[in-house]
Amino acid sequence: MKKPSKELEQWISAAAEVADSASPVVNQPLHVLFGEAVDVARFFDRYWKPEADERGSIVRPGLESAVGKAGKAGRGKQKPAGAVGRIHAKTGDEILSLQRATQEAHTRYLLTINPKGEDPAARGRFLLNELTAVLEWYFDDGVEDEKDAQLARVDAAHADDPQTADALASALDDYAHLAEPHRDELHGLGGFESGHIDEAHAVAAALRDKPASVAALAGPARAAIDLRNRLAGMLLDRMNAVRAAARFVFRNHPEIAREATSAYERRKRAAARRAKAKGAAAPEVPAEAPLVG
């Protein structure tokens, strides 16, 4: 495997200094984290400076107003190196740099456990998106019936799934089972392929064959995933700092503050509300180990 890029190398030492409890736990798929990191960085760049009218009067504040005279934002004790509890002029650049470094670290981890670079989790997320999209469209016929109730129950069961291989496998199996009786009707609908139903079960089995936890890994693989997870935590920490500053600075501009929020988390909450409105209670799901793939 080739040497880490200079961008990854510059974050490795900072990641090593972060205590295990210092960074937030990443409970969203990595592809979502990476995509939202770019969105948050763009938001930061767009709203760092205030907006003034032709007379110089401030018509919209900027994120820089959350930084005190001493150049610090927020209160409390200084966090360890690599962690961040405040924003500064380069936070947007740091988010983009960490996003690229974390993506590289994730790729290096995948190549450590699978030299061919195959990632069943990535394929599983694609299949899950296909299944949920086609089922929602097909069942939404304007009539509340048992099909709607079944979909609501499955949505509720997976609304708060952790980011684990087992959780993804379970969701794939559940949505594939729900789609199976409607295979012929679903095929070709919006480009959906009925073969995805069978593939979802196969990918679910492959996911369950992967190590169940970081502790099950050894040597280079364990070190690689530890680095990836630390970088992902550092990335989310900075994203959360921007979001917190946005809520404060744009408290009188809710439409702007909303731009910095997580669309993924909004969709999860919306799914939970829909399920609750249809009277579908989510069953208790046992805790699982962190996603290692």
Determine yes or no for a side-chain-to-main-chain donor-acceptor pair under 3.5 angstrom, with [X] supplying the side chain and [Y] the backbone.
{"X": "S97", "Y": "D93", "result": "no"}
{"X": "R123", "Y": "P120", "result": "no"}
{"X": "R230", "Y": "A15", "result": "yes"}
{"X": "R60", "Y": "K49", "result": "yes"}

Return all side-chain donor-acceptor pairs below 3.5 angstrom for residues 200-207, not counting sequence neighbours, or 'none' if the list is empty.
residue: H201; atom: ND1; partner: D173; partner atom: OD1; Å: 2.7

Do [Y] and [X] meet the salt-bridge criterion of a basic N to acidic O distance under 4.0 Å?
{"X": "E36", "Y": "R243", "result": "yes"}
{"X": "D226", "Y": "R222", "result": "no"}
{"X": "E146", "Y": "R153", "result": "yes"}

Rounded at 0.5 Å granularity, tell me how far [atom1] in [X] sits from [atom2] in [Y].
{"X": "R208", "Y": "S170", "atom1": "CZ", "atom2": "OG", "value": "6.0 Å"}
{"X": "L131", "Y": "F126", "atom1": "CG", "atom2": "CZ", "value": "9.5 Å"}
{"X": "L186", "Y": "E180", "atom1": "CG", "atom2": "CD", "value": "10.0 Å"}
{"X": "R100", "Y": "S5", "atom1": "CZ", "atom2": "OG", "value": "9.5 Å"}
{"X": "I12", "Y": "E7", "atom1": "CD1", "atom2": "CD", "value": "11.5 Å"}
{"X": "D145", "Y": "K147", "atom1": "CG", "atom2": "NZ", "value": "4.0 Å"}

Do the non-hydrogen side-chain atoms of [X] and [Y] ever get within less than 4.5 Å of each other?
{"X": "P61", "Y": "H253", "result": "yes"}
{"X": "R258", "Y": "R266", "result": "yes"}
{"X": "Q150", "Y": "V154", "result": "no"}
{"X": "Q28", "Y": "V26", "result": "yes"}
{"X": "I58", "Y": "E51", "result": "no"}

- Message: The criterion is ring pair (Phe, Tyr, Trp, His ring centres under 6.0 Å); which residues satisfy it with F44, sequence neighbours excluded?
- Response: W48
- Task: Please identify each residue that fulfils ring pair (Phe, Tyr, Trp, His ring centres under 6.0 Å) with F34, with sequence neighbours left out.
- Result: none
- Answer yes if the side chains of Y175 and D155 hold a donor-acceptor pair under 3.5 Å, and no otherwise. yes
- Task: Would you please say whether a donor-acceptor pair under 3.5 Å links the side chains of H158 and D161?
- Result: yes
- Message: Exactly one of H182, H187, R183 should register a side-chain contact (heavy atoms from CB on, under 4.5 Å) with E185. Which one does?
- Response: H182
- Message: Taking side-chain contact (heavy atoms from CB on, under 4.5 Å) as the criterion, tell me which of L98, T91, D39, L33 meets it with M239.
- Response: L33
Under 4.5 Å between side-chain heavy atoms, counting indirect links through other Ile/Leu/Val/Met/Phe/Trp/Tyr residues: same cluster for [X] and [Y] or not?
{"X": "L135", "Y": "W137", "answer": "yes"}
{"X": "I197", "Y": "L189", "answer": "yes"}
{"X": "V249", "Y": "I256", "answer": "yes"}
{"X": "I87", "Y": "L96", "answer": "no"}

Minimal non-hydrogen separation, [X] against [Y], with atom names:
{"X": "A159", "Y": "K268", "result": "O-CE, 2.8 Å"}
{"X": "L172", "Y": "L128", "result": "CD2-N, 3.7 Å"}
{"X": "L8", "Y": "A101", "result": "CD1-O, 3.6 Å"}
{"X": "L168", "Y": "A121", "result": "CD2-O, 3.6 Å"}
{"X": "L30", "Y": "A232", "result": "CD2-CB, 4.4 Å"}

- Output, in order, the C-alpha distance, side-chain angles, deciding distance and verdict of side-chain hydrogen bond (donor to acceptor under 3.5 Å, both in side chains) for E64 and H88. CA-CA 7 Å; E64 69 174 357; H88 54 82; over 6 Å; no
- Item | Test log, rule side-chain hydrogen bond (donor to acceptor under 3.5 Å, both in side chains), inputs T102 and R228 | CA-CA 6 Å; T102 308; R228 184 205 71 180; over 6 Å; no
- Run the side chain to side chain contact (heavy atoms under 4.5 Å, CB included) check on E130 and V134 step by step: do they pass? CA-CA 6 Å; E130 288 290 290; V134 76; over 6 Å; no
- Under 6.0 Å from the CZ atom of R46, do we count more than 12 heavy atoms belonging to anything else shown? yes
- Over 60° means perpendicular and under 30° means parallel, so classify the ring planes of Y47 and F43, tilted if in between. tilted
- Evaluate side-chain hydrogen bond (donor to acceptor under 3.5 Å, both in side chains) for H31 paired with R125, printing each intermediate quantity in order. CA-CA 9 Å; H31 73 283; R125 288 190 293 268; 2.8 Å; yes
